[in-house]
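Below is one structure, written out as structure tokens, with a few remarks after it.
Quick note: numbers below take in every heavy atom, side chains included, and nothing from hydrogens, waters or symmetry partners. Model, not experiment: these values are computed from the prediction. Here is the naming used below: chain letters follow the sequence lines, and residue numbers restart at 1 for every chain.
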Protein chains: 2
Amino acid sequence: MPSTQNPYHQLQQFISAAMPIDDEQLDIFCKKFRHKTTKRNEILLQAGDIAPYIYFVNSGCLRVFMLDVNGKESTRFLVTEGRFGTAFPSFNLQEPSLAAIQSIEPSDVLYISQHDFHALLDTFPGWEHVYRISLEKDYIASIKRIESLITMDAKQRYQLLMETSPTLIQRLPSKIIADYLGISQETLSRLKSKR
Amino acid sequence: MPSTQNPYHQLQQFISAAMPIDDEQLDIFCKKFRHKTTKRNEILLQAGDIAPYIYFVNSGCLRVFMLDVNGKESTRFLVTEGRFGTAFPSFNLQEPSLAAIQSIEPSDVLYISQHDFHALLDTFPGWEHVYRISLEKDYIASIKRIESLITMDAKQRYQLLMETSPTLIQRLPSKIIADYLGISQETLSRLKSKR
DNA sequence: GTGGCTTATTGACAAATGTCAATAATTTAC
DNA sequence: GTAAATTATTGACATTTGTCAATAAGCCAC
């Protein structure tokens, strides 16, 4: 696994594929990120705190989830290898987060503070462009999720997820898949058994 | 109503408040947009077509909605005065749209092609920044909508909408509010009567 | 490897929401 | 202003999904 040798390898690939940048600048860019490995189920952000960091996942999986007063969890977002993720409303607006962040697998991540992240936008002319494109993609993904939630029933949403992200379903415990789909664990279990 | 005198007035306000720009440049910017008034229920984009335009609403209200095989409509997005809106995935990726766009009130709008819109990003240095900030806001709004859909029941979602957008509820037919909340018209009617 | 904890499955039932139909109220178009 | 169309409400019932509980299966830590 490359990340054990150079934790910045994947981020370097990501950035240099997205915008023209020379090696020296790329190094300066990446060094703004710090490196961390996490344990299974480690909490990276408590609900109620202000999200200080955005993460880039080298390996593993982060989960952004909410916990209601009855203890019911709802997974808002899942972040796997090669992707950025955080509790976005909190990170962006620097207000207390409704959601917590947890690494559901032992993970290898880079992270950068909100201040440094925004400083990159000023320092690297191409970065605002790359970030904007990335926002467009994330926004489209969230629109598609809204569509599925308002137009599909539980079974259709599960089938859609099987088509679009079969690896997620294999990889994650089904209680988390159920949370993500907005249905109960029992309903998901029944969907799976009844064809 | 200012828009009857100068249809660009509101867009000028919007842009000059968001980025430093002199009057001449502002004029060049705004003239990339064309002006149109719509009739009630006029369809601006058919589902299946590629969204050519993004709209800026001077007055009235646009609705981005999906229609399933059984004729059930689901409202994905509502766009009111002073806001940009389109069938975003289609406009951005230039692929056929799952959603249609309709002006549910007689409306006064500006519109610009995808090509011209992106050309503005190159021509006006500040515009990429303003657009990025706007994307962040829209993305956050969509995350909050996902949260409400996966954590709240119909009554809670309706109460939330009453708190955050009371004017929308007054202004739009309740069948559209119901579509937007992802519930049936009858369920919404019952929620309203039962306190 | 074993014990203990977490997760998954299944059943019985309850609650929420949808569907269909009939009627009432409202709005629109002319 | 009036007729026609659309929208809203309400009832009866069906369906979906959730909840609780019991058990089974899987997995993790030591």
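- Taking the side chain of B/Asp153 as heavy atoms from C-beta on, and the options C/dA16, D/dA8, C/dT7, the nearest nucleotide is C/dA16.
- A side-chain contact (heavy atoms from CB on, under 4.5 Å) with A/Asn58 is found for exactly one of A/Leu11, A/Asn6, A/Asp108, A/Thr37, namely A/Asp108.
- An OP1 or OP2 oxygen of D/dA8 is reached within less than 4.0 angstrom by no side-chain nitrogen or oxygen of B/Ser189.
- An OP1 or OP2 oxygen of D/dT17 is reached within less than 4.0 angstrom by no side-chain nitrogen or oxygen of A/Arg190.
- With C/dA29, C/dG18, C/dT10 as the candidates, the nucleotide lying closest to the side chain of A/Ser193 is C/dT10.
- B/Asp68 has its CG atom 13 Å from the C1' atom of C/dT19, to the nearest Å.
- Under the 3.5 Å distance criterion, the side-chain polar atoms of B/Thr38 are matched with a main-chain donor or acceptor of B/Ser107.
- Residue B/Ser174 is in sugar-phosphate contact alone, with no base atom involved, counting any heavy-atom pair closer than 4.0 Å across all strands shown.
- Counting to the nearest Å, the C1' atom of D/dT7 and the CG atom of B/Asp179 are 12 Å from each other.
- Remark: A/Lys36 fails to qualify as a cation-pi partner of A/Tyr111 under the 6.0 Å distance and 45° angle criteria applied to the six-membered ring.
- C/dA15 atom C1' lies 13 Å from atom NZ of B/Lys155, rounded to whole Å.
- If you measure from atom CD1 of A/Ile104 to atom P of D/dC28, you get 13 Å, rounded to the nearest angstrom.
- The A/Ser184 side chain lies nearest to D/dG18 when the options are C/dA8, D/dG18, C/dT17.
- Residues meeting the side-chain hydrogen bond (donor to acceptor under 3.5 Å, both in side chains) test with A/Ser142, sequence neighbours left out: B/Ser142.
- Counting to the nearest Å, the P atom of D/dT16 and the CG atom of A/Leu149 are 18 Å from each other.
- Rounded to whole Å, atom P of D/dT16 lies 17 Å from atom CG of A/Leu181.
- Considering only side-chain atoms of A/Gln185, the nucleotide from D/dC20, C/dA21, C/dA8 that sits closest is C/dA8.
- Between the CD atom of B/Glu186 and the C1' atom of C/dA25 there is a distance of 16 Å, rounded to whole Å.
- Comparing D/dA8, C/dT9, D/dT17 by their closest approach to the side chain of A/Lys192 singles out C/dT9.
- Counting to the nearest Å, the C1' atom of D/dC27 and the CG atom of A/Asn41 are 12 Å from each other.
- As judged by a 4.0 angstrom heavy-atom cut-off over every strand, A/Ile183 is placed among residues touching the sugar-phosphate backbone only.
- Between B/Glu147 and A/Arg76, at least one side-chain nitrogen of the basic residue sits less than 4.0 Å from a carboxylate oxygen of the acidic one, meeting the salt-bridge criterion.
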